[in-house]
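Below is one structure, written out as structure tokens; comments come after it.
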Amino acid sequence: MSQRIPAVEIPSRELKHNAHDALQDRQLRGNMRKAMDSLMAKRLASMPDDFEREHLREMGNHVRARALSQLPDLLERLETNLTRNGVKVHWAETVDEANAIVLSIIRAHEARQVIKGKSMVSEEMDMNHVLEAEGIEALESDMGEYIIQLDHEKPTHIIMPAIHKNAKQVASLFHDKLGEAYTEDVDQLIQTGRRVLRQKFFEADIGVSGVNFAVAETGTLLLVENEGNGRMSTTVPPVHIAVTGIEKVVENLRDVVPLLSLLTRSALGQGITTYVNMISGPRKSDELDGPREVHLVLLDNGRSQAFADGELRQTLNCIRCGACMNHCPVYTRIGGQAYGTVYPGPIGKIISPHLMGLENTPDHPSASSLCGACGEVCPVKIPIPALLRRLREENVKSPDDPHKVMRGQGSKYSASERLLWKGWRLLNTSPLAYRAFGLLATRLRGLTPNQLGPWTQHHSAPKPAARSLHELAREHLEGK
Amino acid sequence: MSAKANILAKLRNSLAGTQPIADDYDVALVTEPWRYPAGERISRLRQLMEAVHTETHLTTTTDWPALVERLLAVRQLPSLLIAPGTPHGAQLAAHFAGRPGLPVLKAYDRPVEEWKAELFDDTPASLTGTLGAIAATGSLILWPDRHEPRLMSLVPPVHFALLKASQIRDNLYEVMQEQRWAAGMPTNALLVSGPSKTADIEQVLAYGAHGPKDLIVLILEDA
């Protein structure tokens with residue numbers, strides 16, 4: 001595991017190009033279709049009662065909105081209670097600050113080996129590469145994350161990082177990279193991962209994890225998982241560092257009851273995960289195991305920008321279940337890596353512009369058919385389609401617009417396009433201009449161009465009819 | 001200004017002039033759909049846990065040590081990690097005492113650093129108590145402590161868990177309220193709903209990912 005080959009960087013600015021490539025990949029499309037169909041069916045089977053499901057989603061929305069409506073107070077309360085419990089809390093505005101904090105903890109312990117439970121915030125930080133550049137081994141322990149790390153890839157899904165690979169591909173990977181005998185037997189592949197990683201849990205100096213919910217009332221970090229790698233990472237090494245976004249806090253312990261049920265059912269169709277791990281402090285002096293130090297790094301990284309706008313703030317309701325991805329016709333066809341962002345799919349399209357700026361995600365808000373499936377399944381009722389439309393507006397704002405909402409706003413602003421739409425509005429609001437335009441368009445239909453930009457790449461060019469419906473109707477009514 | 005001050009100032013500025021949203025927590029919604037007649041709790045719990053490869057047995061406060069002895073023999077397990085400072089640990093130790101030929105009972109009685117290699121490489125099974133269980137989701141409640149440390153229910157490949165039938169509750173909300181969790185959480189509290197598993201390769205379910213491969217729940221009907 002000493003190779004330092006950087007993961008293949010797929011640029012977020014090249015979404016259209018990436019999507020085009022991904023659509024040609026039949027293996028990827030087959031793997032994704034199969035997986036998403038199964039995840040959708042499992043979710044629905046675990047939420048058969050319409051009344052319960054819809055009311056619980058409403059409640060989930062209220063719980064998250066209530067937390068956000070007092071976010072600064074809850075963050076301070078969380079810090080107070082965690083500190084009382086013996087957990088050290090750190091704050092970071094940027095990923096660089098967060099990495100510096102993690103590095104300083106690692107250096108203080110002269111640590112060489114870090115074992116990681118699954119954490120999307122650590123992906124935001126690109127923590128693995130930052131640590132590797134400092135000569136520190138950072139190994140993923142979630143089976144899916146481990147597989148893609150071996151193959152120098154980025155996660156394709158926030159819950160199932162290696163869902164784009166089939167067993168044959170994993171078999172070849174383990175054969176090539178670990179020198180294992182080739183087998184497509186999933187049980188044997190998992191046992192290989194177990195054997196390799198168990199040794200790493202044993203050796204690691206530091207464990208890193210994410211957080212699903214941080215409870216202000218009790219100072220508790222709650223993690224859900226099926227594999228046990230999260231418990232291993234947070235229990236075996238002498239130091240545990242949890243990294244999370246500032247929005248993950250909830251007010252009361254009881255608030256996790258509806259959110260937990262929504263999360264596991266929406267994500268995997270499970271009533272509960274195998275483990276719900278509630279961490280409220282390091283090892284007490286008379287206890288025999290558990291980390292001697294627990295740290296929590298609270299990361300902003302653009303979240304306070306989304307927070308500043310009442311509508312965009314709803315983006316921060318997200319509990320990272322991935323249901324919007326599983327139900328998205330675009331995501332299912334292009335997979336997660338084409339987005340070039342840590343968070344792919346519908347939620348990725350509304351959160352990434354805040355994390356990276358619209359200038360780096362100019363096509364993301366438009367990469368949607370606005371079919372509405374994401375909004376319908378979201379367990380905390382984030383109006384994703386409405387937020388996509390809002391981001392499209394921000395994306396074409398004039399540079400002169402004094403209302404600054406987000407980084408990179410106006411990235412797709414075009415003076416000529418703006419002029420075109422002004423003209424279009426004029427045509428459609430003045431009866432005289434409208435009639436004149438209609439007459440010209442129908443009588444001179446032979447002159448319409450055959451090439452109309454991106455539209456004619458996949459469609460035939462539109463040609464006006466010889467007579468407008470308006471004209472035909474008038475003639476009909478006049479009895480001609 | 002520190003990162004903390006900057007973040008909080010931005011958030012407070014964004015909330016200027018607003019009030020926190022009122023707490024309209026709907027207790028009925030998280031409890032009513034998850035209630036069961038007393039006689040059905042055990043069967044629901046067993047059904048849900050067995051569906052995810054948990055082995056369950058009905059036994060009694062006096063019979064369970066003999067059952068553990070039989071199960072260890074069937075699985076040919078050479079040793080069992082126990083918590084001697086707990087009543088159930090002491091009961092099992094008494095059952096095994098002075099009977100040569102039985103599996104070795106190991107005590108988790110010193111800091112993990114002193115025997116980490118043995119815990120990882122030479123501890124095939126463990127036995128812990130539970131604080132109860134949740135019928136709605138098929139979950140055991142574990143609050144590891146000084147006597148029964150966290151890694152007992154995680155590192156050994158086979159985990160035996162004792163559950164008193166009278167401590168099975170309907171749903172998580174009820175458990176939190178009754179046991180007054182919000183008044184004081186332990187350093188680590190757990191819900192365990194089966195042996196460790198993963199579906200990360202092509203969504204094919206495989207058991208024994210990183211935690212125990214086998215979870216065996218002994219339900220004490222008379223306790």
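Residue numbering restarts at 1 for every chain, and letters A, B, ... go by the order of the sequence lines.
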Are A:His62 and B:Tyr25 close enough, and set up right, to give a side-chain contact (heavy atoms from CB on, under 4.5 Å), and what steps lead you there?
-> CA-CA 8 Å; A:His62 287 203; B:Tyr25 195 93; over 6 Å; no
Pick from [options]: which one has the most heavy-atom pairs with chain B under 4.5 Å?
options	value
A:Gln270, A:Lys34, A:Met278, A:Arg303	A:Met278
A:Arg194, A:Glu287, A:Glu52	A:Arg194
A:His55, A:Met143, A:His164, A:Gln70	A:Met143
A:Pro238, A:Ala162, A:Ala167	A:Ala167

Row check, A:Phe307 ring normal vs B:Lys10 NZ/CZ: under 6.0 Å, within 45° =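 No, a cation-pi geometry is absent between B:Lys10 and A:Phe307.
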If I measure from the heavy atoms of chain B, does [X] come under 4.5 Å with its side chain, its backbone, both, or neither?
X	result
A:Thr218	side chain
A:Asp255	both
A:Arg84	neither
A:Leu221	neither

Distance-only, no hydrogens or angles: does the B:His210 side chain make a donor-acceptor pair with backbone N or O of A:Gly193 under 3.5 Å?
->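 Answer holds: no.
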side-chain contact (heavy atoms from CB on, under 4.5 Å) between A:Thr235 and B:Leu151, intermediate numbers included = CA-CA 7 Å; A:Thr235 316; B:Leu151 293 175; 3.6 Å; yes
In Å and rounded to the nearest 0.5 Å, what is the [atom1] to [atom2] distance from [X] to [Y]?
X	Y	atom1	atom2	result
B:Lys116	A:Glu203	NZ	CD	9.0 Å
A:Leu189	B:Ile201	CG	CD1	4.5 Å
A:Glu225	B:Ser196	CD	OG	8.0 Å

What do the steps show when you test A:Glu58 against B:Asp24 for side-chain contact (heavy atoms from CB on, under 4.5 Å), and what is the final call?
-> CA-CA 11 Å; A:Glu58 191 70 34; B:Asp24 61 352; over 6 Å; no
With side-chain contact (heavy atoms from CB on, under 4.5 Å) as the test, would you mind laying out the steps for B:Glu113 and A:Arg292 before giving the verdict?
-> CA-CA 11 Å; B:Glu113 288 77 11; A:Arg292 293 186 187 278; 3.5 Å; yes
Min side-chain heavy-atom separation A:Met160-B:Gln203 under 4.5 Å = yes
B:Val204: which of A:Ile190, A:Asp185, A:Val186, A:Asp187 passes side-chain contact (heavy atoms from CB on, under 4.5 Å) =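 Answer after filtering A:Ile190, A:Asp185, A:Val186, A:Asp187: A:Val186.
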Any luck finding a side-chain donor-acceptor pair between A:Arg231 and B:Ser153 under 3.5 Å?
->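 Yes, side-chain donor-acceptor contact under 3.5 Å.
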Check each atom of B:Tyr207 against the heavy atoms of chain A and say whether the ones under 4.5 Å are side chain, backbone, both or neither.
-> backbone
